[in-house]
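This report concerns only the one structure given below.
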Protein chains: 2
Amino acid sequence: MAAKTRIILADDHKLFAAGIENLLSREADFEVGGVYHNGKEALEALENEKADLIITDMNMPGINGLDILQHIKKRRWKIKTIVLSMYDEEAIFHKCIRQGVDAYILKNADPDELIFTIREVMEDRYIANFEQVLKQAEEDEFDQYDHFKAALKLSKRELEILKWIAQGKSNKEIADGLHLSVFTVETHRKHLHRKLEVSSMAELVKKALDMGLG
Amino acid sequence: MAAKTRIILADDHKLFAAGIENLLSREADFEVGGVYHNGKEALEALENEKADLIITDMNMPGINGLDILQHIKKRRWKIKTIVLSMYDEEAIFHKCIRQGVDAYILKNADPDELIFTIREVMEDRYIANFEQVLKQAEEDEFDQYDHFKAALKLSKRELEILKWIAQGKSNKEIADGLHLSVFTVETHRKHLHRKLEVSSMAELVKKALDMGLG
DNA sequence: TGAAACCCTAACAAATGGTAGCGGAGGGCT
DNA sequence: AGCCCTCCGCTACCATTTGTTAGGGTTTCA
């Protein structure tokens, strides 16, 4: 029987790291050699322990995933590398490719996909495929701004007034701040009431905060 | 033996979700009822399945964690809520508090902390980071979190009045609702202004929402 | 046509300054 | 124990000023 694949994990999100560790250690042919929560510790581990593969997060404080890739490339270590990233950005992906990453996986990938990819990488069969990643990204980013739907009904000026109201300003203060007449601010406020279906300042403030203003 | 805590997970990062699921299902008193990778599915699950707790990611495409909290609050469901967030930002934290979240945990928290918090929440012992934030506030010279301290300075009655104000009630409505004179409500409001160092209803409402009322 | 700015009024609500009685909690004195 | 005193929360009231709300308008510009 072949030796187990010895894996090092690096991710500053401890919960995430612990989760992945669990996931991997259920596989008979994998063995988690260590879990590290920052780039520095991970690099030290690479110096001292022997491992077949490092799975690293892209975004870590201090030394990040890209730094780790660079380090490994510079020393011509034979260790395989898989980068986990939250971001479906082509620029980041290409940077990793340039640093010789073996696979680039999004954090919203299927667990099975990670397991599968690890085995593929270990067998030298994996070619990082950006098109797949891109397609997934497009589907996911569809209409992310649900709570701005209400805001779309408001005009630019009304939105602006709403922001001031949410900051606790009076009509007079808003009028002075925006160089408007108090009457104008009153009118906008009236329209805000109508459009947002409220009838008091308190509700207006709550709506505004719900919409992410203030 | 007590029934298991039935937990629903919502996180678009499938890897992360699977990891947490693993983590939780190793605990004898937890039972993962479902794992969903977007807000829509999670909400559907909440409609159809009975669960004691939902652990949701803050950032999801479409319906996000905040939307889920809002939904639950609107329907007055008794289900407990824990938000997992990547961001250690006061604004996001407060938004969750306003929507009545039971706990707010960062993704780089220790796995043990999550487990511990779940049990605390289920026992009604956890108030979202309230004590931690308080402790921080004491250490903080600039009193960033003085609205939490402020709550402690308020009397029972004042807190009650503040809740009504945050719900958009007028002095008259509050007076009728609590069988008080309008004058009394005015006095309480006056004291609230003094204690919370504000001078308008809008600011009062914001403070109230920051404190988790409303 | 609709957004934006401006104007007006009447009614209402809130903000802010007072005053003041009642009752419970706590400290101190005899 | 008993009594006094004070503090404070809660209640209630009043007058004045300021702000908000909900109607009704007009003009300008794209």
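Below, each value reflects all heavy atoms present in this structure, side chains not excepted, and no hydrogens, waters or symmetry copies. Below, read A as the first sequence line, B as the second, and so on, with proteins coming before strands; counting in each chain starts at 1.
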Measure from [atom1] on [X] to [atom2] on [N] and round the result to the nearest Å.
X: A:Glu203; N: D:dT20; atom1: CD; atom2: P; answer: 16 Å
X: A:Met201; N: D:dA22; atom1: CE; atom2: P; answer: 13 Å
X: B:Ile174; N: C:dA13; atom1: CD1; atom2: C1'; answer: 12 Å
X: A:Glu173; N: D:dG19; atom1: CD; atom2: P; answer: 8 Å
X: A:Leu192; N: C:dA3; atom1: CG; atom2: C1'; answer: 13 Å
X: A:Leu204; N: C:dA13; atom1: CG; atom2: C1'; answer: 16 Å
X: B:Arg157; N: D:dC8; atom1: CZ; atom2: C1'; answer: 16 Å
X: B:Lys172; N: D:dT21; atom1: NZ; atom2: P; answer: 18 Å

Extract from the structure each pairing of a protein N or O with an N or O of nucleotides 17-21 of chain C at less than 3.5 Å, listing the distance.
residue : atom : partner  : partner atom : Å
C:dG17  : O6   : B:Lys190 : NZ           : 3.0
C:dG18  : O6   : B:Lys190 : NZ           : 2.9

Reckon [X] has a side-chain N or O less than 4.0 Å from the OP1 or OP2 of [N]?
X: B:Ser170; N: C:dA13; answer: no
X: A:Asn171; N: D:dG19; answer: no
X: A:His193; N: D:dA22; answer: yes

> What residue pairs, at least two apart or across chains, pass salt bridge (Lys or Arg N to Asp or Glu O under 4.0 Å) with a residue in residues 179-194 of chain B?
Replying inline: none
>> Test: salt bridge (Lys or Arg N to Asp or Glu O under 4.0 Å). Region: residues 50-61 of chain B. Which pairs qualify, not counting sequence neighbours?
In response: B:Asp57-B:Lys107
Looking at the side chain of [X], which of [options] is the nearest nucleotide?
X: B:Phe183; options: D:dC14, D:dT11, C:dC7; value: D:dC14
X: A:Ser199; options: D:dA22, D:dT21, C:dT16; value: D:dA22
X: B:Ser181; options: C:dC6, D:dC13, D:dA22; value: D:dC13

> Just checking A:His191: base, sugar-phosphate only, or nothing, at a heavy-atom cut-off of under 4.0 Å?
Replying inline: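 No contact at all - A:His191 keeps every heavy atom at 4.0 Å or more from the nucleic acid.
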>> I'd like to know if B:Arg157 pairs up with B:Glu160 as an ion pair, taking the criterion as any Lys NZ or Arg NE/NH1/NH2 lying under 4.0 Å from an Asp or Glu carboxylate oxygen.
In response: yes
> Residues in side-chain hydrogen bond (donor to acceptor under 3.5 Å, both in side chains) with A:Asp67, at least two apart?
Replying inline: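 Counting only residues at least two positions away or on another chain, A:Asp67 forms no side-chain hydrogen bond (donor to acceptor under 3.5 Å, both in side chains).
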> Listed by chain and number, what are the side-chain hydrogen bond (donor to acceptor under 3.5 Å, both in side chains) partners of B:Arg6, not counting sequence neighbours?
Replying inline: B:Glu31
> Where do B:Leu180 and B:Ile174 land on the side chain to side chain contact (heavy atoms under 4.5 Å, CB included) test, with the steps shown first?
Replying inline: CA-CA 8 Å; B:Leu180 293 173; B:Ile174 300 171; 5.7 Å; no
Name every donor-acceptor pair, under 3.5 Å, that has one atom in a side chain of residues 14-25 of chain A and the other anywhere in the protein, sequence neighbours excluded.
residue : atom : partner : partner atom : Å
A:Asn22 : ND2  : A:Ala18 : O            : 3.3
A:Ser25 : OG   : A:Glu21 : O            : 2.8
A:Ser25 : OG   : A:Asn22 : O            : 3.1

